[in-house]
Amino acid sequence: MQTHVPIKVTAHDQLCLERVPDRAASFVLFGASGDLAHRKLIPAIFNLYRAGLLPKSFFLLGTGRSPWTDEIFRHRVEKTLGLDAKRDKNEIQNFLHLIYYTPCEYTKRESYLPLKEALERHCRHYGSAANVIIYLSIPPSLYEAVLENLILNGLITASASDTPNSRVVVEKPFGRDFDSAKRLADPARTGLSEKQIFRIDHYLGKETVQNILMFRFANLIFEPVWNRQYVDHVQITAAETLGVEHRAGYYESAGVLRDMFQNHMMELLSLVAMEPPLRFDSTHYRDEKAKVLQAIRPFPEKGLDDYFVRGQYGKGKIAGISVSAYREEELVRPDSEIETFAALRLFVDNPRWQGVPFYLRSGKRMAQHLTEIIIHFRALPYSVFQSVAAENIPHNHLCLRIQPEEGIRILFNAKHPGPKMCMATLGLEFDYGTVFQEKDLNAYERLILDCMNGDSTLFVRQDMVEISWALMESLLKPVRDGKGPALHLYPAGSWGPREAEALITKDGRAWGE
Ligand code: BG6
């Protein structure tokens, strides 16, 4: 008989690594009237302000195509922040004194002059000219034009220094293929050094993603079994119940490989498979992550179906409510061949992981909203319990739950109480929300804070971007050439196409715990 009994753990005192930025900072937000700015970025900056984590001298200069004034912008921000009734009205008012707005037509060179004038004026007032952060919360198609104009107009100055005066923050996607990603970062074109570009993958700011590193390398007991000798296979799932929403325009030219695998999925894989870095700093940590991606065995041209499954959602039900098929969504072509789901079976060819399969899957309109990593351990080599064969004893496994219900769960076997020698499989659980009482873990707070500190550890380095694109290209090209795996439809609200089940079951394994 098997039962699952959660056991509570207590959090010990935390060893805190947080640093309040000591340099005055100027924060220029492109796309300040946009959705991301108001949903995530401005609330994150406000939370840093409340927590006393902004530098003593700080201002935010918003810019965008909307012809707003300082007053209109402040009014919008006040409304945005006021949506959360728990926020203190006085704190909001004080924060509004630190924010300004100057409009800009992104593709018009002359439009940058008033912006430059405003930036210089505020920098003089706040004494923050030596630390300018330019955050591009704009469509990726505008990156090149905006960067060019920022440089031509002297809003960013190229610098090879370790502490450059100006830095640019860009959101994924970093290009749409290997060549465009390379072009975007080419110092000969942009004039910017790697130290000046902060590429955000918001997964790296998630508490639970950062915790993978602490869990692995701040404990003695897990690392010795974290290898091919003890691990049977690893699963990484990022499932969403949402569909493509209002982003079909972008998604039709992206698909799940570009949208989720090139970045978030590869980041999760590298964190779970990396060697311990010498130190947790931007060089050593990112070196080790890049090595994992370099070690991924190239996908074969023939028999790619054994490694790569593509799916697209058809109509179905999510939480009992009927939803449309992808091809019926607004702005989606009725014959679209874009994948909204993919599953990969891959190998990391290095001494630690040789022969251990990694199964990755991600999709939209799936049965559950769930991001998790499961480490499945091998079977016991021998059973001392004569009546139960070793292969029938449930394997241990460890689940790192990234979202929702962030936490960690370890399954182990124990004796079920009673006169008979019965075995039970128990779950040892740690739940972030319960232990730390954290309800709103905002990835952007951490990332913006690090950027102000000039710490690029949790940002994506260009080599990682390129290796990952090369890997995605090896999957996307056969599809483009009509030689790749077929696209399988799956009903919305399911776990993807049947072929994704087959990808793992033919190895004698199954998805999930
Ligand atoms: C984004 C993708 O990067 O990540 C979206 O573009 C996806 O398509 C989102 O929905 C998922 O992020 P999260 O934090 O909700 O898992």
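Quick note: residue numbers are just sequence positions, from 1. Everything numeric here is computed off the predicted structure, so don't read it as measured data. We count ligands from 1, going down the list as the structure has it; atoms in each ligand are counted the same way.
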- Item | From CA spacing to verdict: salt bridge (charged side-chain N to carboxylate O under 4.0 Å, His left out), R65, E105 | CA-CA 6 Å; R65 283 177 286 209; E105 273 297 332; 5.7 Å; no
Would you check, one step at a time, whether the test salt bridge (charged side-chain N to carboxylate O under 4.0 Å, His left out) holds for K182 with E466? CA-CA 7 Å; K182 220 171 164 56; E466 289 177 15; 3.2 Å; yes
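Taking the ring axis of F347 as reference, the NZ or CZ atom of R297 stays within 45° of it and closer than 6.0 Å to the ring centre. In this structure, K172 fails the cation-pi test against F174, since its NZ or CZ atom is not both closer than 6.0 Å to the six-membered ring centre and inside 45 degrees of the ring normal.
Set against the non-hydrogen atoms of K172, the atoms of ligand 1 under 4.0 Å away are 1 (C), 2 (C), 3 (O), 6 (O). Using a 4.0 Å cut-off to heavy atoms of K364, the atoms of ligand 1 that qualify are 5 (C), 7 (C), 8 (O), 10 (O).
Here the heavy atom of the protein found nearest to atom 12 (O) of ligand 1 is H202 NE2, 3.2 Å. At the top of the distance list for atom 15 (O) of ligand 1, counting protein heavy atoms only, stands Q403 NE2, 4.1 Å. Scanning the protein for heavy atoms near atom 14 (O) of ligand 1, the closest one is K206 NZ, 2.6 Å. Counting only heavy atoms of the protein, atom 4 (O) of ligand 1 lies nearest to H264 NE2, 3.4 Å.
Below 30°, between 30° and 60°, or above 60°: for F27 and F58 the angle between ring planes is between 30° and 60°, a tilted geometry. The aromatic rings of Y101 and W68 lie tilted to each other, with the angle between the two planes from 30° to 60°. By the 30° and 60° cut-offs, the orientation of the rings of F73 relative to H38 is perpendicular.
Across the listed options E245, M260, E240, E240 owns the non-hydrogen atom lying nearest to atom 10 (O) of ligand 1.
Considering backbone and side-chain N/O atoms, H369 never comes within less than 3.5 Å of an N/O atom of ligand 1. Residue-to-ligand polar distances place D259 within reach of ligand 1: an N/O pair is separated by less than 3.5 Å. Here's the thing with R247: one of its N/O atoms is less than 3.5 angstrom from an N/O atom of ligand 1. For ligand 1, none of its N or O atoms has an N or O atom of Y250 under 3.5 Å away.
Residue contacts with ligand 1: Y203 is included, with a non-hydrogen atom under 4.0 Å away.
With ring centers used as reference points, H233 lies under 6.0 Å from H376.
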